[in-house]
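Working notes, beginning with the structure itself.
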Amino acid sequence: MSSRRSRSRQSGVSVNNNITDDQITDLVSKLQRLIPEIRNRRSDKVSASNVLQETCNYIRNLHREVDDLSDRLSELLATTDHNNSAQAAIIRSLLM
């Protein structure tokens, strides 16, 4: 018996990990509508594995964008701190 099953039985919580094919199809379809690279394609036929791969790529790209924007903001705040502390205070208050 796996430790996950034994833990769920010990806690008295029934774990239902069964997901239907229809639910998977629905979730993949929702992802397909959310991911710009897939949504903008002319073809409606995209495999579930391609949707998942594009989703992973999209999330990685978003992480990179967040990191880049964070770096740019840090640089901006550093230069603003030296030039005008009032502007830096305004920017910081907007971020909080």
Check: If two hydrophobic side chains count as joined below 4.5 Å and joins carry through other members, does L62 share a cluster with L31?
Finding: yes
Next item on the list: To the nearest 0.5 angstrom, please state how far the CD atom of Q32 sits from the OG1 atom of T25.
Entry: 11.0 Å
Notebook entry, point to check: Quick one: side chain to side chain contact (heavy atoms under 4.5 Å, CB included) partners of R33, sequence neighbours excluded?
Noted result: S29, K30
Notebook entry, point to check: How would you list, by chain and number, every residue that makes a side chain to side chain contact (heavy atoms under 4.5 Å, CB included) with S47, sequence neighbours excluded?
Noted result: S49, N50
Checklist line | Residue of the set I19, I24, T20 for which side-chain contact (heavy atoms from CB on, under 4.5 Å) holds with D22 | finding: T20
Next item on the list: State plainly whether one hydrophobic cluster holds both I59 and V46, where clusters connect Ile, Leu, Val, Met, Phe, Trp and Tyr through side-chain heavy atoms under 4.5 angstrom apart.
Entry: no
Checklist line | Of all pairs that satisfy salt bridge (Lys or Arg N to Asp or Glu O under 4.0 Å), the ones with a partner from residues 58-75, not counting sequence neighbours | finding: none
Check: Can you tell me how far CD1 of I38 sits from CD of E54, rounded to the nearest 0.5 angstrom?
Finding: 5.0 Å
Note to self: Main chain of V51, side chain of T55: is a donor-acceptor contact present, judged purely on distance under 3.5 Å?
What the structure shows: yes
